[in-house]
*Asks:* 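If you scroll down you'll find the structure; I have some questions about it.
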Amino acid sequence: MKKDLLRKYVSAIAMMFAFAASAMAENAQLLSFGFYQADNAGLSQDYVATVPAVAAGVTTYDIEIAMPASVDLTALVARFTVNEGNTVTVDGVAQTSGVTKNDFTDPVDYTVRNSTGANNLRYTITVVEASGKAWTEMAVLNTATLSGNADFTGVYSGAVLAINPKGNVPYVAYGARGVDNKMSVAKFENGAWAQVGDALFSSVVNGSHFSFDVAPDGTPYVAYGDQDAASLKGALSVMKFDGSQWSYVGEQGFFKVQAQYIGMAAFESGLAIDLVNNSKDGSIPRRSMGIATFDGSAWTTGESSLLPSEQGVYMTKMGGNGKVATLICVNRGAIDGVNYGHNIFKFENGQWESLATNFLEPGATQTSIAQGSFGTAVALDGTVYAWTGDDVPNTGTYQVRLKKYDAAGKTWSTVTGNTLPIGHDGGFESHISLDVAIAPDGTPFVVYNNFNDQKKLYVMHLDPATAQWSASQLLAEGASDVNIAFDTAGTGYITYTDESNQIHLFKYADADPSGITAVKATKADDRIFNLQGMRVSKAGKGLFIINGKKVIK
């Protein structure tokens, strides 16, 4: 008798453990989830999510997976595991791991149920864009420390950034503050700033009128208005660094003009420079545009033949990619009834070509003459970009627009069809600083200081997925003289001068691959579920879960 009771007791205990184990196995739970290269031909690697642990009383969970923007989300196959006996559905459709395709452009809800249907959990899977790169601030360039001259307290306005293609090293040229305004050049290499040749190597610079570029062979050049030139105070001088010292290219002050608003592009065996002459004693008419080209052995200088003789020019700027140079200039006043029209020219293989002449955006009263509101850039593939400011559609309020040139059709178009979210009025014209660079993959980047927002530094880019501008990213406070450039490997650099007249450098490079820049989400009010965990288009009569809360209709 006792043996029978003991046998029954042991059997009951065993059944209880078996039942408990069965109940545990039947708990609805997602154990793993990911998108695998073996299941998706468009993936170059596996993307595996971190699945949150199940918590008592919690029935909904969010999972994010970071993937590149280039991935086609419309037909992805997920691979997942669940507890034995569980079933998985999406909008009521049974899911098979490694087989079923879904559109993950918007978040997708996976419902996991146990075999009885009494226990179910909802997992919302959201694919977010992985930030392959991020802007990171590097070391500040302290002029006194770098030069060894305690009186060198900072930089004058107009510091210029350029990338040395030999090694893809960023260089920056700047004038001295606190001592005689002379040129210095520094490079950022191996995590630190280093002087390029002697500090303060030039003669005295006329204000901040200088330009800087590095030739494809790695030779740095500076061009500046030379206050010590014998030919004319402020005449154009050009110097280069040969690896050991800086020296003049040609004679000091070789172009007899008072050189202002200087632009320069360096080529394999030559240079192209544009400027505005501000002296009646110069070799070309005052306020006209001058052009200087160097063929590797001699200079050619004179008034630009690109414009009518003695036509006044307000400012000029130049861009280039080592093979092609472009310049943009804004006319002074009205020309042929066009008020402050702008001109864009291209220089290639020793020849100039006009891409726009005395142009004004339809409906504008003038082209903006704010220094930062116009300029030009050339992509590695030779595509020409230019940016200008105009007051369309609100007269007196200027917006900056980036334009792209179609060489085949010989036409310009506004990138995205809309102006940039960057504007100014007459009161802020002299303070705007803006620069554009085209990454090697063809993506335009815009960096600017917002004078209406305490001169804060922002950067934005053209999103390849949406073909629209990204949200502006705040990088720093109190910025001026902003520059942006990319090396041939796709690493970007931004420089700016702070309110203490020191130069800061940001680097755009590979970041944590799990980083997230943006979440692709649906509207919250679209998310309605019945008590079985199935998503429905609308709530009828009864009890529903809307935005994560139980609602009785």
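The first residue of the sequence shown is numbered 1, and numbering continues consecutively from there. These values consider heavy atoms only, across backbone and side chains, with no hydrogens, waters or symmetry-generated copies.
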*Asks:* Scan T388, D406, V384 and name whichever one has a side-chain contact (heavy atoms from CB on, under 4.5 Å) with W412.
*Replies:*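 Between W412 and the candidates, side-chain contact (heavy atoms from CB on, under 4.5 Å) is satisfied uniquely by V384.
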*Asks:* Who passes salt bridge (charged side-chain N to carboxylate O under 4.0 Å, His left out) against E137, sequence neighbours left out?
*Replies:*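 If we apply the salt bridge (charged side-chain N to carboxylate O under 4.0 Å, His left out) test to E137, skipping adjacent residues, there are no hits.
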*Asks:* Checking the side chain of W387 only, and the main-chain atoms of V400 only, is there a donor and an acceptor separated by less than 3.5 Å?
*Replies:*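 No: the side chain of W387 does not pair with the backbone of V400.
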*Asks:* Let me confirm one number: the OH-CG distance from Y36 to L43, rounded to the nearest 0.5 Å.
*Replies:*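 The OH atom of Y36 sits 11.5 Å away from the CG atom of L43.
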*Asks:* Tell me if a side-chain donor or acceptor on Y405 pairs with a main-chain N or O of L355 at a distance below 3.5 Å.
*Replies:*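 Here the side-chain-to-backbone pair does not exist.
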*Asks:* With no hydrogens and no angle check, is any side-chain donor or acceptor of N483 less than 3.5 Å from a backbone partner on A159?
*Replies:*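 Flag set: sc N483 to bb A159 pair under 3.5 Å.
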*Asks:* Taking K323 for the side chain and G382 for the main chain, is one N or O donor matched with an acceptor at less than 3.5 Å?
*Replies:*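 No, because the side chain of K323 does not come within donor-acceptor range (under 3.5 Å) of the backbone of G382.
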*Asks:* Closest approach of A265 and M318, non-hydrogen atoms and distance?
*Replies:*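 In terms of heavy atoms, the two residues are closest at N-SD, 3.5 Å.
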*Asks:* Do L31 and N83 have side-chain heavy atoms sitting under 4.5 Å apart?
*Replies:*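 Yes; the side chains approach each other to less than 4.5 Å.
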*Asks:* Calculate, to the nearest 0.5 Å, the distance between atoms CD1 and CD1 belonging to I63 and I65 respectively.
*Replies:*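 CD1 of I65 is found 7.0 Å from CD1 of I63.
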*Asks:* Do the side chain of N86 and the main chain of Q29 share a donor and acceptor less than 3.5 angstrom apart?
*Replies:*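 Yes, the answer is positive, given that a donor and an acceptor are paired below the 3.5 Å cut-off.
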*Asks:* Rounded to the nearest 0.5 Å, what separation is found between the CD atom of E268 and the OG1 atom of T219?
*Replies:*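 Spacing of CD (E268) from OG1 (T219) equals 9.0 Å.
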*Asks:* Report, one line per pair, each donor and acceptor closer than 3.5 Å where one atom sits in a side chain of residues 473-482; sequence neighbours left out.
*Replies:*
{"from": "S480", "atom 1": "OG", "to": "T497", "atom 2": "O", "distance (Å)": "3.3"}
{"from": "D481", "atom 1": "OD1", "to": "G158", "atom 2": "N", "distance (Å)": "3.2"}
{"from": "D481", "atom 1": "OD2", "to": "G158", "atom 2": "N", "distance (Å)": "3.1"}

*Asks:* Around atom NZ of K456, are there more than 12 heavy atoms of other residues, nucleotides or ligands at under 6.0 Å?
*Replies:*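 Yes, enclosed.
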*Asks:* Mind listing the closest non-hydrogen atom pair of W469 and M460 along with its distance?
*Replies:*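 Here W469 and M460 meet closest at CB-CE, 3.3 Å.
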*Asks:* Only counting residues at least two apart or in another chain, list the ones meeting ring pair (Phe, Tyr, Trp, His ring centres under 6.0 Å) with F33.
*Replies:*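 In terms of ring pair (Phe, Tyr, Trp, His ring centres under 6.0 Å), with neighbours along the sequence ignored, F33 is linked to F35, Y110.
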*Asks:* For a 4.5 angstrom cut-off between non-hydrogen side-chain atoms, does N40 reach Y47?
*Replies:*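 No, side chains not in contact.
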*Asks:* Before giving the answer on side-chain contact (heavy atoms from CB on, under 4.5 Å), spell out for T414 and T419 the whole-Å C-alpha distance, their side-chain angles and the decisive distance to 0.1 Å.
*Replies:* CA-CA 7 Å; T414 299; T419 55; 5.6 Å; no
*Asks:* What's the shortest heavy-atom distance between Q195 and S184, and which atoms?
*Replies:*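 Heavy atoms only, the tightest pair is NE2-CB, 3.7 Å.
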*Asks:* With a 4.5 Å limit on heavy-atom distance, are the side chains of V214 and P165 in contact?
*Replies:*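 Yes, close enough: below the 4.5 Å cut-off.
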*Asks:* What are the two closest heavy atoms between V128 and E64, and how far apart are they?
*Replies:*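 Nearest pair, atom of V128 first, then E64: CG1-CD, 4.1 Å.
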*Asks:* Could you tell me if the side chain of E361 sits less than 4.5 Å from the side chain of Q399, heavy atoms only?
*Replies:*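 No, every pair of side-chain atoms sits at 4.5 Å or beyond.
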*Asks:* With sequence neighbours excluded, tell me which residues meet side-chain hydrogen bond (donor to acceptor under 3.5 Å, both in side chains) with N119.
*Replies:*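 Applying side-chain hydrogen bond (donor to acceptor under 3.5 Å, both in side chains) to N119 gives none.
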*Asks:* Is a side-chain N or O of N114 found less than 3.5 angstrom from the main chain of A28, in a donor-acceptor match?
*Replies:*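 Here the side-chain-to-backbone pair does not exist.
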*Asks:* With heavy-atom distances below 4.5 Å as the criterion, would you say the side chains of S32 and V48 are in contact?
*Replies:*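 Contact flag for S32/V48 side chains = no.
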*Asks:* I want to check something: taking the side chain as every heavy atom from C-beta on, are I438 and N321 in contact at a cut-off of under 4.5 Å?
*Replies:*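 The answer is no, as the side chains (C-beta and beyond) never meet within the 4.5 Å cut-off.
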*Asks:* Considering non-hydrogen atoms only, spot the tightest contact between L141 and L146 and give its length.
*Replies:*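 Closest heavy-atom pair between L141 and L146: CD2-CD2, 4.0 Å.
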*Asks:* Is N449 close to Y496 at the side-chain level, that is, under 4.5 Å between some pair of heavy atoms?
*Replies:*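 Y496 does not reach N449 side chain to side chain.
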*Asks:* Check side-chain hydrogen bond (donor to acceptor under 3.5 Å, both in side chains) between S373 and all other residues, then give those that pass, not counting sequence neighbours.
*Replies:*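 side-chain hydrogen bond (donor to acceptor under 3.5 Å, both in side chains) check on S373 returns S368.
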*Asks:* As a test of understanding, state which of N102, T89, T87 forms a side chain to side chain donor-acceptor pair (under 3.5 Å) with Q95.
*Replies:*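 Answer to the side chain to side chain donor-acceptor pair (under 3.5 Å) test with Q95 among N102, T89, T87: N102.
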*Asks:* With a 4.5 Å limit on heavy-atom distance, are the side chains of F188 and V172 in contact?
*Replies:*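 Result no, sub-4.5 Å side-chain heavy-atom pair not found.
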*Asks:* With sequence neighbours excluded, tell me which residues meet ring pair (Phe, Tyr, Trp, His ring centres under 6.0 Å) with Y508.
*Replies:*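 Y508 satisfies ring pair (Phe, Tyr, Trp, His ring centres under 6.0 Å) with W135, F445 once adjacent residues are dropped.
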*Asks:* What's the spacing between L402 CG and N418 CG if we round to 0.5 Å?
*Replies:*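 Those atoms lie 12.0 Å apart.
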*Asks:* Who pairs with T411 by side-chain hydrogen bond (donor to acceptor under 3.5 Å, both in side chains), at least two apart in sequence or on another chain?
*Replies:*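 side-chain hydrogen bond (donor to acceptor under 3.5 Å, both in side chains) check on T411 returns nothing, list empty.
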*Asks:* Run the numbers on Y493 and L505 for side-chain contact (heavy atoms from CB on, under 4.5 Å), then give the verdict.
*Replies:* CA-CA 7 Å; Y493 296 92; L505 175 73; 3.9 Å; yes
*Asks:* So does F80 get a backbone contact from the side chain of S97, meaning a donor-acceptor N/O pair under 3.5 Å?
*Replies:*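 Pair found, side chain donor or acceptor close to backbone of F80.
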*Asks:* Say you draw a straight line from CE of M138 to CZ of F506; how long is it, rounded to the nearest 0.5 Å?
*Replies:*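 If I round to the nearest 0.5 Å, the distance is 10.5 Å.
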*Asks:* Is it true that a side-chain atom of D435 and a backbone atom of I484 form a donor plus acceptor pair closer than 3.5 Å?
*Replies:*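 At least one qualifying donor-acceptor pair exists.
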*Asks:* Between T376 and Y385, which heavy-atom pair has the shortest distance, and what is it?
*Replies:*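 For T376 and Y385, the tightest heavy-atom pair comes out as OG1-O, 2.8 Å.
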*Asks:* Salt bridge (charged side-chain N to carboxylate O under 4.0 Å, His left out) with E348: which residues, sequence neighbours excluded?
*Replies:*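 Once residues adjacent in sequence are excluded, the partners of E348 under the salt bridge (charged side-chain N to carboxylate O under 4.0 Å, His left out) criterion are K346.
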*Asks:* Going by the salt bridge (Lys or Arg N to Asp or Glu O under 4.0 Å) test, which pairs reach into residues 33-50, not counting sequence neighbours?
*Replies:*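 As it turns out, the salt bridge (Lys or Arg N to Asp or Glu O under 4.0 Å) pairs with a partner in residues 33-50, which skip direct neighbours, are D39-R79.
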*Asks:* Just to verify, what does K410 make a salt bridge (charged side-chain N to carboxylate O under 4.0 Å, His left out) with, not counting sequence neighbours?
*Replies:*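 Per chain and number, K410 pairs via salt bridge (charged side-chain N to carboxylate O under 4.0 Å, His left out) with E353.
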*Asks:* Check whether any side-chain N or O of T126 sits under 3.5 Å from a backbone N or O of P107 as a donor-acceptor pair, and report yes or no.
*Replies:*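 Pair absent, no side-chain N/O of T126 close to backbone of P107.
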*Asks:* How would you list all residue pairs meeting salt bridge (Lys or Arg N to Asp or Glu O under 4.0 Å) that involve residues 372-394, not counting sequence neighbours?
*Replies:*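 Found D390-R401.
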*Asks:* Between Q502 and T143 (side chain of the first, backbone of the second, donor and acceptor by atom type, cut-off under 3.5 Å), is there such a pair?
*Replies:*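 Such a contact is found between Q502 side chain and T143 backbone.
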*Asks:* How would you list, by chain and number, every residue that makes a side-chain hydrogen bond (donor to acceptor under 3.5 Å, both in side chains) with N164, sequence neighbours excluded?
*Replies:*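 N164 satisfies side-chain hydrogen bond (donor to acceptor under 3.5 Å, both in side chains) with Y171 once adjacent residues are dropped.
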*Asks:* Hey, could you give me the OH/CG distance between Y123 and D62, rounded to the nearest 0.5 Å?
*Replies:*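 Y123 atom OH to D62 atom CG measures 11.5 Å (nearest 0.5 Å).
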